[in-house]
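Report on the structure given below.
All values below come from the heavy atoms of this structure, side chains included, with hydrogens, waters and symmetry mates left out. A quick note: this is a predicted structure, and the numbers were derived from the prediction, not measured.
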Amino acid sequence: MNVAKMIILSSLVATASLSAATLNQNVLSKIDIGADYRFSVDSLGYKMASGNEYKNNALLTNRLWLMLGYTEDKHLSFHSKIVYNKVFGQPVVSNVAFDGFDWFGSTTNTDNQVRIKEAYIDYKDDKLFGVNIGWDFGVGRRPTTYNKLLSFRDDEAASSPLGHIVSAEFDGGHLGFNLEKQIGIKGFRVKLAAGRGLSSIDSSISPTPVASSGENINMFAINVVTYANKNLHTELQVLRATNLVDITNAGFDNTGTFNAANYDPTLKTVGDISLASYMAMYNISSLKDTKVFASLALSQTDPSSGETMLGSADKKVGTSIWIGTQFPSLISSKGKWGVEYNHGSKYFRPFTYSEDTTVGSKLATRGDAYEIYFTEPLYKGLSCQLRTTYIDYKYSGSNGFFGSQTGTPMALSTLSSAMYASSDLADSVADSAYDFRAYLRYRF
């Protein structure tokens, strides 16, 4: 090989190496990697309608989130989150029939499973068909659990749904439009969303792999930010969910006695539901960005022909109110403290199965729920929280499904009466619940 060829070859190798290094640096600059580990201790208890009490004075849990994202440019991005949520040691659980259910499997801690919590793409642009309208589109397993208002106490950046009626894992997509300039209202935005909560299909090893075998659960929603500036945020969400389910038979007879031979956890379709929520949040700048909020939510069942929902063949309306405040810590410059209260009526039924409350969703409460929390930073990325939640139920079925087997609202006064007090049914319904939580959390 002559000198000229050696020089040319060396130049090509050097150029290729430089290009690869530049390419790798460009790719790496677009990758976003993060982790979030939380160690929690919960002291919790339940008083049942029967008068019996069940407790766990020291529930120890690990929660790990691993995040990976990639930003192609100002328009296109990808996001994912892997979850591992478990109790300390080998769990020995008496009943895990629905612990891995897709709507809330990533928040349960009884099966030692790694799950995909989020995996989605987003696209956004400032122009729509040449018109100056900001818009965005996304599809995948969406972030729909730590939602607006609920995110305050969980010390999370809020996802877009309203937490009063939605906190559940969600596969679907959205199309949003920023219409402030066109409407003339500060922060005005409209977002349309649709997704699937259950796919009813045949087994992959059946004669007809993944063919439709029943009704799918579908959800359609619209969110409207009616006003938003640095101090005031108001927003409305309305949704419709179709072909909702309940188990076939809970196993209880008319006297409240449980018969295992009658128990049938097979899911069956019972009807549709409509939900709506309107919230207002105000940031008080003069009080070091203290936040106060109020939210109203409504639900209405729509039973299928021949079926019942929440114990009735008629449409039933439920309501809920939720108020709270978050204010600066009294012992540090970056801590956040908060107090919240919510009340739900007899027939209220939201989609809040993934709410991060160990004793069950406080926002689904048919009764009253009280909460106070103290979140404090300790070091770079390291924080802690103390939180107390107390729930006083007035009706049963707060954390059930949508039919009459698990969702029927029976008055606690009836269940604790002489007729039912010693029954299996009374011993399966909580009259009240509490949870004292302390956690240590590290994020990067």
When the ring centroid of [X] is compared with that of [Y], is the distance short of 6.0 Å?
| X | Y | value |
| --- | --- | --- |
| Trp322 | Tyr278 | no |
| Tyr434 | Phe436 | yes |
| Phe258 | Phe252 | yes |
| Phe98 | Phe401 | yes |
| Trp65 | Tyr37 | no |
| Trp337 | Phe374 | yes |

Just grab all the salt bridge (charged side-chain N to carboxylate O under 4.0 Å, His left out) pairs involving [range], residues at least two apart or on different chains.
| range | answer |
| --- | --- |
| residues 61-76 | Lys30-Glu72, Asp36-Arg63, Arg63-Asp356 |
| residues 340-354 | Glu340-Lys362 |
| residues 134-143 | Asp102-Arg141, Asp122-Arg142, Asp136-Arg189, Arg141-Asp171 |
| residues 275-286 | none |

For the atom pair [atom1] ([X]) and [atom2] ([Y]), what is the distance rounded to the nearest 0.5 Å?
| X | Y | atom1 | atom2 | answer |
| --- | --- | --- | --- | --- |
| Arg366 | Tyr395 | CZ | OH | 10.0 Å |
| Ser428 | Leu415 | OG | CG | 8.0 Å |
| Asp126 | Asn178 | CG | CG | 9.0 Å |
| Leu287 | Asp289 | CG | CG | 9.5 Å |
| Phe88 | Asn62 | CZ | CG | 4.5 Å |
| Tyr341 | Glu371 | OH | CD | 14.0 Å |

Please report the closest heavy-atom contact between [X] and [Y], naming both atoms and the distance.
| X | Y | result |
| --- | --- | --- |
| Tyr420 | Ala426 | O-CB, 3.1 Å |
| Thr144 | Ser159 | N-OG, 4.3 Å |
| Ser312 | Ser404 | N-OG, 4.0 Å |
| Ser106 | Val83 | O-CG1, 3.4 Å |
| Tyr347 | Val317 | CB-O, 3.7 Å |
| Leu412 | Ser396 | CD2-N, 3.7 Å |

Checklist entry - In chain order, what residues pass the side-chain hydrogen bond (donor to acceptor under 3.5 Å, both in side chains) check against Tyr263, with sequence neighbours excluded? => result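 With sequence neighbours excluded, Tyr263 shows a side-chain hydrogen bond (donor to acceptor under 3.5 Å, both in side chains) to no residue whatsoever.
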
Next on the checklist: Holding to side-chain hydrogen bond (donor to acceptor under 3.5 Å, both in side chains), I want the full list of residues that pass it with Glu307, two or more places apart in sequence or in another chain.
Outcome noted: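 In terms of side-chain hydrogen bond (donor to acceptor under 3.5 Å, both in side chains), with neighbours along the sequence ignored, Glu307 is linked to Lys268.
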
Do [X] and [Y] get their side chains close enough for a donor-acceptor pair, meaning under 3.5 Å?
| X | Y | answer |
| --- | --- | --- |
| Ser213 | Ser200 | yes |
| Ser277 | Gln237 | no |
| Asn85 | Asn109 | no |
| Ser413 | Lys394 | no |
| Tyr353 | Glu169 | no |

Are the side chains of [X] and [Y] in touch, meaning some heavy atoms are under 4.5 Å apart?
| X | Y | value |
| --- | --- | --- |
| Val27 | Tyr70 | yes |
| Leu150 | Glu355 | yes |
| Ile165 | Leu239 | yes |
| Thr357 | Arg153 | yes |
| Val270 | Thr308 | no |
| Phe351 | Leu275 | yes |
| Thr71 | Asp32 | no |
| Pro409 | Leu310 | yes |

Charged N-O contact under 4.0 Å between [X] and [Y]:
| X | Y | answer |
| --- | --- | --- |
| Asp155 | Arg38 | no |
| Glu235 | Lys191 | no |
| Arg437 | Asp42 | yes |

Next on the checklist: Please check if the number of heavy atoms outside Lys336 that lie under 6.0 Å from its NZ is greater than 12.
Outcome noted: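 No, because the 6.0 Å sphere around NZ of Lys336 holds 12 heavy atoms or fewer from other groups.
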
Checklist entry - Going through the checks in order, is the side-chain contact (heavy atoms from CB on, under 4.5 Å) test met by Phe101 and Asp99? => result CA-CA 6 Å; Phe101 201 76; Asp99 276 19; over 6 Å; no

Next on the checklist: Test side-chain hydrogen bond (donor to acceptor under 3.5 Å, both in side chains) on Glu215 and Thr269; report intermediate values, then the result.
Outcome noted: CA-CA 7 Å; Glu215 300 290 346; Thr269 301; over 6 Å; no

Checklist entry - Would Ser285 and Asn231 count as a side-chain hydrogen bond (donor to acceptor under 3.5 Å, both in side chains) if you check the C-alpha gap in whole Å, the side-chain angles of each, and the deciding distance to 0.1 Å? => result CA-CA 7 Å; Ser285 302; Asn231 294 112; 2.8 Å; yes

Checklist entry - Checking side-chain contact (heavy atoms from CB on, under 4.5 Å) for the pair Thr61/Phe39: CA distance, chi angles, key distance, verdict? => result CA-CA 6 Å; Thr61 58; Phe39 161 65; over 6 Å; no

Checklist entry - Under the side-chain hydrogen bond (donor to acceptor under 3.5 Å, both in side chains) criterion, do Ser320 and His343 qualify, and how do the steps go? => result CA-CA 5 Å; Ser320 176; His343 170 84; over 6 Å; no

Item to check | Derivation of the side-chain hydrogen bond (donor to acceptor under 3.5 Å, both in side chains) call for Ser361 and Thr352 | outcome: CA-CA 6 Å; Ser361 170; Thr352 53; 2.8 Å; yes

